[in-house]
Amino acid sequence: EERIPVKRQVRAACEMLGLDPLYVANEGIFMLICDSEYETEISDWLRTVELGKNASCIGNITRDHKNTVVLGGKFGGRRTVQMMVGEQLPRIC
């Protein structure tokens with residue numbers, strides 16, 4: 001979760017509104033899946049252009065959770081990232 005590049009202002013606004021930044025529209029976001037052998041080379045190359053300056057590796061593919069995205073939280077917990085159905089509504093805690 002910590003490795004996903006979300007601007008501080010966006011994270012703060014989502015927190016105030018009770019929204020999850022993973023489910024908010026992200027126009028202009030690019031995600032690339034590649035062999036880990038090329039991870040550093042591709043990330044370094046992407047960072048040479050303005051639109052790629054925040055390029056980072058945010059995870060890896062394993063056999064542990066087939067067809068599932070599991071997100072590691074900043075406090076050590078894990079959660080399954082579900083496909084969003086319908087519109088996201090604010091969480092009121």
Side-chain angles (χ1 to χ4, degrees):
E1 187 172 23
E2 290 282 307
R3 293 172 21 187
I4 299 172
V6 177
K7 291 180 180 177
R8 184 174 32 94
Q9 305 93 313
V10 172
R11 198 173 296 278
C14 284
E15 192 172 302
M16 287 187 334
L17 296 171
L19 300 172
D20 184 335
L22 293 179
Y23 295 100
V24 176
N26 290 294
E27 291 84 1
I29 298 301
F30 171 72
M31 185 167 119
L32 172 75
I33 299 172
C34 69
D35 189 304
S36 60
E37 176 181 345
Y38 304 106
E39 171 193 332
T40 302
E41 181 180 350
I42 292 171
S43 294
D44 289 348
W45 179 78
L46 286 169
R47 284 190 214 100
T48 65
V49 292
E50 179 63 26
L51 293 175
K53 66 183 178 185
N54 294 320
S56 62
C57 177
I58 62 169
N60 53 40
I61 297 173
T62 69
R63 296 182 191 274
D64 297 341
H65 306 283
K66 188 175 181 181
N67 300 324
T68 305
V69 175
V70 178
L71 181 68
K74 58 185 171 184
F75 299 113
R78 296 192 176 282
R79 68 176 169 120
T80 301
V81 179
Q82 302 290 331
M83 184 72 94
M84 191 171 102
V85 178
E87 294 184 39
Q88 183 183 17
L89 298 174
R91 291 184 307 268
I92 301 174
C93 303

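- Within the 3.5 Å criterion, the main-chain N or O of Val70 finds no donor-acceptor partner in the side chain of Arg78.
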Inset, instruction - Output, in order, the C-alpha distance, side-chain angles, deciding distance and verdict of side-chain contact (heavy atoms from CB on, under 4.5 Å) for Leu22 and Val81. - result: CA-CA 9 Å; Leu22 293 179; Val81 179; 4.3 Å; yes
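- Other members of the hydrophobic cluster containing Leu32, listed by chain and number, are Phe30, Tyr38, Ile42, Trp45, Leu46; membership follows side-chain contacts under 4.5 Å among ILVMFWY residues, whether direct or relayed.
- Looking at heavy atoms from C-beta onward, Cys14 lies in side-chain contact with Val24 at the 4.5 angstrom threshold.
- How far CZ of Phe75 is from CD of Glu2: 8.0 Å, rounded to the nearest 0.5 Å.
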Inset, instruction - Would you please test Asp20 and Arg11 for salt bridge (charged side-chain N to carboxylate O under 4.0 Å, His left out) and show each step? - result: CA-CA 8 Å; Asp20 184 335; Arg11 198 173 296 278; over 6 Å; no
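- Judged by distance alone, with hydrogens and angles left aside, the side-chain atoms of Ser56 form no donor-acceptor pair with the main-chain N or O of Ile58 at under 3.5 Å.
- Listed for the Arg47 side chain is no donor-acceptor partner under 3.5 Å among the backbone atoms of Lys53.
- Of all heavy-atom pairs between Val10 and Val6, the closest is CG1-CG1, 3.8 Å.
- Put simply, CD on Gln82 and CG on Leu71 are 12.0 Å apart, with the number rounded to the nearest 0.5 Å.
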